[in-house]
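Notes follow once the structure below has been shown.
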Amino acid sequence: DGGITQSPKYLFRKEGQNVTLSCEQNLNHDAMYWYRQDPGQGLRLIYYSQIVNDFQKGDIAEGYSVSREKKESFPLTVTSAQKNPTAFYLCASSLQGLAYLSPLHFGNGTRLTVT
Amino acid sequence: KQEVTQIPAALSVPEGENLVLNCSFTDSAIYNLQWFRQDPGKGLTSLLLIQSSQREQTSGRLNASLDKSSGRSTLYIAASQPGDSATYLCALNDMRFGAGTRLTVKP
């Protein structure tokens, strides 16, 4: 079955450590996205990529980095520069990006806790 | 900057009731609007996508409408069931989300 896989489901790290969240899709979608969700809040866009080897900053990119070396993979690194990294992270993809009429498909998320 | 607002933040209704969830946005220059459902601790499931040229979309007991001129979309749920309990979010094509409405349907 086609879909988006995020791993791991739960992740624990010590403050000051970088951590990488995995996102893989087998939907053959061009565009991929990373969102952050905090309790009681909507999703905020961290980074997005419309095509391989290209990505753009979203609203809250500071302290995060991404790569898009393969169409199916869009890993997110939470660096030690991110001041408040504990959150629920969601990866999404769409057949085409941004203004195109393509619905978003989501993975099941990774809950990151930094202590 | 586009602002997306969902009111109410939480809603509790008895089973069988029809209900309406609201989504407001400030910039009418949108291409599409999508409604999602999120269960606790899970990702988002797409419910309906309305293109800017459409006024509504229907799927089963769900009906979503879009009024670009007034900056509003509504999600109508008919004959609500306890299984409909979840958080419902709307999103615009520029990937901006509302904070969601947490719906509880009581048996």
Side-chain angles (χ1 to χ4, degrees), chain A residues 2-11 21 23-25 27 29 31-50 55-61 87-113, chain B residues 1-11 21-54 57 59 62 64 66 68 73 86-103:
Chain A
I4 300 176
T5 301
Q6 290 188 244
S7 61
K9 186 172 182 179
Y10 299 97
L11 192 53
L21 282 61
C23 178
E24 303 277 333
Q25 55 100 357
L27 299 167
H29 284 175
M32 296 186 74
Y33 314 81
W34 274 105
Y35 289 92
R36 168 183 174 138
Q37 187 176 35
D38 293 286
Q41 297 189 33
L43 280 65
R44 292 184 289 169
L45 182 64
I46 305 172
Y47 268 98
Y48 64 95
S49 169
Q50 293 181 268
F55 48 83
Q56 305 295 330
K57 293 182 179 180
D59 295 327
I60 56 166
F88 189 47
Y89 290 86
L90 287 158
C91 179
S93 71
S94 63
L95 184 61
Q96 294 169 307
L98 293 179
Y100 294 100
L101 305 175
S102 304
L104 286 172
H105 298 260
F106 279 85
N108 279 327
T110 292
R111 187 167 299 280
L112 173 65
T113 302
Chain B
K1 179 180 175 181
Q2 179 76 268
E3 298 289 337
V4 184
T5 305
Q6 290 189 249
I7 295 174
L11 181 64
L21 307 180
N22 297 293
C23 173
S24 300
F25 47 92
T26 53
D27 186 353
S28 62
I30 66 170
Y31 290 89
N32 64 52
L33 185 144
Q34 197 168 356
W35 280 94
F36 295 88
R37 167 189 174 131
Q38 185 178 28
D39 293 293
K42 300 287 189 181
L44 279 67
T45 300
S46 178
L47 298 174
L48 291 164
L49 181 145
I50 310 176
Q51 299 174 13
S52 62
S53 59
Q54 300 172 321
Q57 281 282 351
S59 176
L62 305 179
L66 175 63
K68 286 175 48 180
S73 176
T87 296
Y88 291 81
L89 299 100
C90 64
L92 304 180
N93 59 273
D94 66 348
M95 301 159 289
R96 297 190 187 279
F97 280 77
T101 294
R102 188 174 68 253
L103 173 66

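Order of the sequence lines sets the chain letters (A, B, ...), proteins ahead of strands, with each chain counted from 1. Atoms considered below: every heavy atom in the structure, side chains included; atoms not considered: hydrogens, waters and symmetry mates.
- Scanning all heavy atoms of the two residues, the minimum distance from B:Gln34 to A:Pro103 falls at NE2-CB, 3.3 Å.
- Residues B:Gln38 and A:Phe88 come closest through the heavy atom pair NE2-CE2, 3.8 Å.
- Across A:Leu43, A:Leu45, A:Asp59, a single residue satisfies side-chain contact (heavy atoms from CB on, under 4.5 Å) together with B:Arg96, and that is A:Asp59.
- Proximity to chain B is limited to the side chain of A:Gln37, based on heavy atoms less than 4.5 angstrom apart.
- The heavy-atom pair separating B:Ser46 from A:Leu104 by the smallest distance is CB-O, 4.1 Å.
- The number of heavy atoms from other shown groups lying within 6.0 Å of CZ (B:Arg102) does not exceed 12.
- Using a 4.5 Å cut-off between heavy atoms, B:Leu44 touches chain A through backbone and side chain atoms alike.
- Other residues, nucleotides and ligands contribute at most 12 non-hydrogen atoms within 6.0 Å of the NZ atom of B:Lys42.
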